[in-house]
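Working notes for the structure below.
No hydrogens, no waters, no symmetry mates; every other heavy atom, side chains included, goes into these values. Throughout, protein chains are lettered first and strands after them, A, B, ... in sequence-line order, and every chain is numbered starting at 1.
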There are 2 protein chains.
Amino acid sequence: MGEAVPEGGFERAGRPTESPGFLLWRVTLAWQRALAAALRPYDLTHVQFVLLAGAWWLGMDEGAPTQRRLAEHSGTDPMMTSQVLRTLEGKGLVERVPDPADSRAKRVRVTEAGEALRERAMYAVEEADAGFFAPVPRGDALAVLNALSGSLAPVAARATRRGAGA
Amino acid sequence: MGEAVPEGGFERAGRPTESPGFLLWRVTLAWQRALAAALRPYDLTHVQFVLLAGAWWLGMDEGAPTQRRLAEHSGTDPMMTSQVLRTLEGKGLVERVPDPADSRAKRVRVTEAGEALRERAMYAVEEADAGFFAPVPRGDALAVLNALSGSLAPVAARATRRGAGA
DNA sequence: GCGATATAGTAAATGCGCATAGTAAATCGG
DNA sequence: CCGATTTACTATGCGCATTTACTATATCGC
């Protein structure tokens, strides 16, 4: 697996191996595998953990969030959020209670079981995260990722902006 | 447009929002959306393009690869590789010819139609890639990603036999 | 009040991403 | 040559991730 990138490789991407996007994808796949392994003992997937932790955080901060609020906060697709929250509800980790003020909305409350699991899983995630990002200075990683996250398109943007210009 | 970063705070501690892994995941989701949009006119998904381009590259470099070789090169799961290659075969973009020397193996050859499509799609991908990574110096991104890709776990590692430890 | 529009959530369908498990063929030890 | 092990690929199934389309409710303009 040693094959580091042979050269500077600033020339045209004759080979996909040198594209930042390709690297990003591969790195993320590896990270997801590491995180999945870390979360397996808790019977949680990555997204399940993200939504559980997000619901907990928002719950602390501003009260039980609606699904849409949670999706917005987590950067997840609303449809996926709906799916996964029902899974979490099925596991008894969250409740989805109707919003008294808006009967369309459902508010996500973390149950006691959910909170207990979240706390334990959080340690595993932080550990896995630290291990995975150890090879690179934390500041560097955060700088790059934060710069890129500035160009994040809103997930729920219906506005299918330009199919894909030439 | 507007709120690219949903919440004010990527910088406070103690919650998933500031984890590099969480950021990496969100950035990758956004990148995948951008790439999916760029590839939509060509009726290719991201992975289909990666495998098509990978098969082409390896074909140039060392002859038509087996599925396993291609999976190894692309960092993809062998099972997924098998699935997606059959999709590509159904589209007439690749052929899967039996290896004369090893009757278990199938070698992936890019057809003329596949090569024509790959070339056009490559431009779209390079453009999307350049646009997405514009906010950060290329050298910085490559440095971080290359450092992290050093810790890539082999995808096909059967060695997972130990059940996730803890 | 009432119609147009926007919003919260969901159903169904497609395609990755991977774990588990299985078949068949190659390879190795004897 | 024969059994044991490895290897290349595949069937199945679960869980994301997204698209399209739909229901029901809220809200704004009048």
Side-chain angles (χ1 to χ4, degrees), chain A residues 25-26 28-37 39-40 43-51 65-72 74-91 96 98-108 153 155-160 163, chain B residues 25-26 28-37 39-40 43-51 65-72 74-91 96 98-108 153 155-161 163-164:
Chain A
W25 174 61
R26 292 190 54 158
T28 299
L29 285 183
W31 177 76
Q32 297 229 49
R33 281 190 287 268
L35 211 57
L39 285 172
R40 193 166 302 126
D43 197 27
L44 282 177
T45 68
H46 168 216
V47 175
Q48 286 169 20
F49 171 76
V50 166
L51 291 181
T66 64
Q67 292 190 182
R68 179 157 300 270
R69 175 81 185 97
L70 177 54
E72 179 196 1
S74 306
T76 52
D77 179 83
M79 188 61 230
M80 181 188 62
T81 305
S82 172
Q83 282 179 23
V84 175
L85 283 177
R86 272 173 287 172
T87 301
L88 288 176
E89 189 177 42
K91 290 182 176 182
R96 298 185 308 146
D99 186 324
D102 185 339
S103 62
R104 295 169 306 179
K106 294 181 177 170
R107 294 197 169 265
V108 181
V155 176
R158 295 275 174 195
T160 319
Chain B
W25 173 62
R26 293 190 51 160
T28 298
L29 284 184
W31 177 77
Q32 297 227 49
R33 281 191 285 268
L35 211 57
L39 286 171
R40 193 165 301 126
D43 197 28
L44 282 177
T45 68
H46 169 213
V47 175
Q48 286 168 19
F49 171 77
V50 166
L51 291 181
T66 64
Q67 292 190 180
R68 177 158 299 271
R69 175 79 185 98
L70 178 54
E72 179 197 0
S74 305
T76 51
D77 179 82
M79 188 60 231
M80 181 188 63
T81 305
S82 171
Q83 284 176 17
V84 174
L85 284 177
R86 271 174 286 171
T87 301
L88 289 177
E89 188 177 41
K91 290 182 175 182
R96 297 185 308 146
D99 186 325
D102 185 340
S103 63
R104 295 169 306 177
K106 292 182 178 169
R107 295 197 168 266
V108 181
V155 177
R158 295 278 171 196
T160 323
R161 210 162 280 273

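Considering only side-chain atoms of A:Met79, the nucleotide from D:dT10, C:dG9, D:dT19 that sits closest is D:dT19. Taking every side-chain heavy atom of B:Val47 into account, C:dG17 is the closest of C:dA26, C:dG17, D:dA17. In this structure, of C:dA19, C:dA26, C:dC16, it is C:dA19 that holds the atom nearest to the side chain of A:Arg40. Residue A:Ser82 has its side chain nearest to C:dT10 when only D:dT18, C:dG15, C:dT10 are considered. Comparing D:dC16, D:dT10, D:dT25 against the side chain of A:Arg104 picks out D:dT25 as the nearest. In the set C:dC16, D:dA17, C:dG9, D:dA17 carries the atom at the smallest distance from any side-chain atom of A:Gln32. Listed candidates were C:dA8, C:dC18, C:dA25. Nearest to the side chain of A:Arg68 is C:dA8. Closest approach to the A:Asp102 side chain among C:dT10, D:dA26, D:dC9 is made by D:dA26 (side chain taken as heavy atoms from C-beta onward). The listed nucleotides are C:dG17, D:dC9, C:dG15; the one nearest the side chain of B:Thr45 is C:dG15.
Nearest heavy atom pair, residue B:Gln67 against residue B:Arg96, reads OE1-NH1, 3.0 Å. The two residues A:His46 and A:Leu35 come nearest to each other via the heavy atoms CD2-CD2, 3.5 Å.
Nucleic acid contact for A:Arg96: sugar-phosphate only, since backbone atoms but no base atoms lie under 4.0 Å from a heavy atom of the residue. Within the 4.0 angstrom heavy-atom criterion, base atoms lie near A:Gln83. When heavy atoms are screened at a 4.0 angstrom cut-off, B:Arg107 is found touching no nucleic acid atom at all.
A salt bridge is absent between A:Glu89 and A:Arg86; no separation between the charged side-chain nitrogens and carboxylate oxygens falls under 4.0 Å.
Nearest-nucleotide mapping onto DNA chain C: of B:Ala101 and B:Thr87, the residue sitting toward the 5' end is B:Thr87.
Put simply, CH2 on B:Trp25 is 14 Å from P on C:dG17, counting in whole angstrom units. Between the P atom of C:dC16 and the CG atom of B:Leu85 lies a distance of 11 Å, rounded to the nearest Å.
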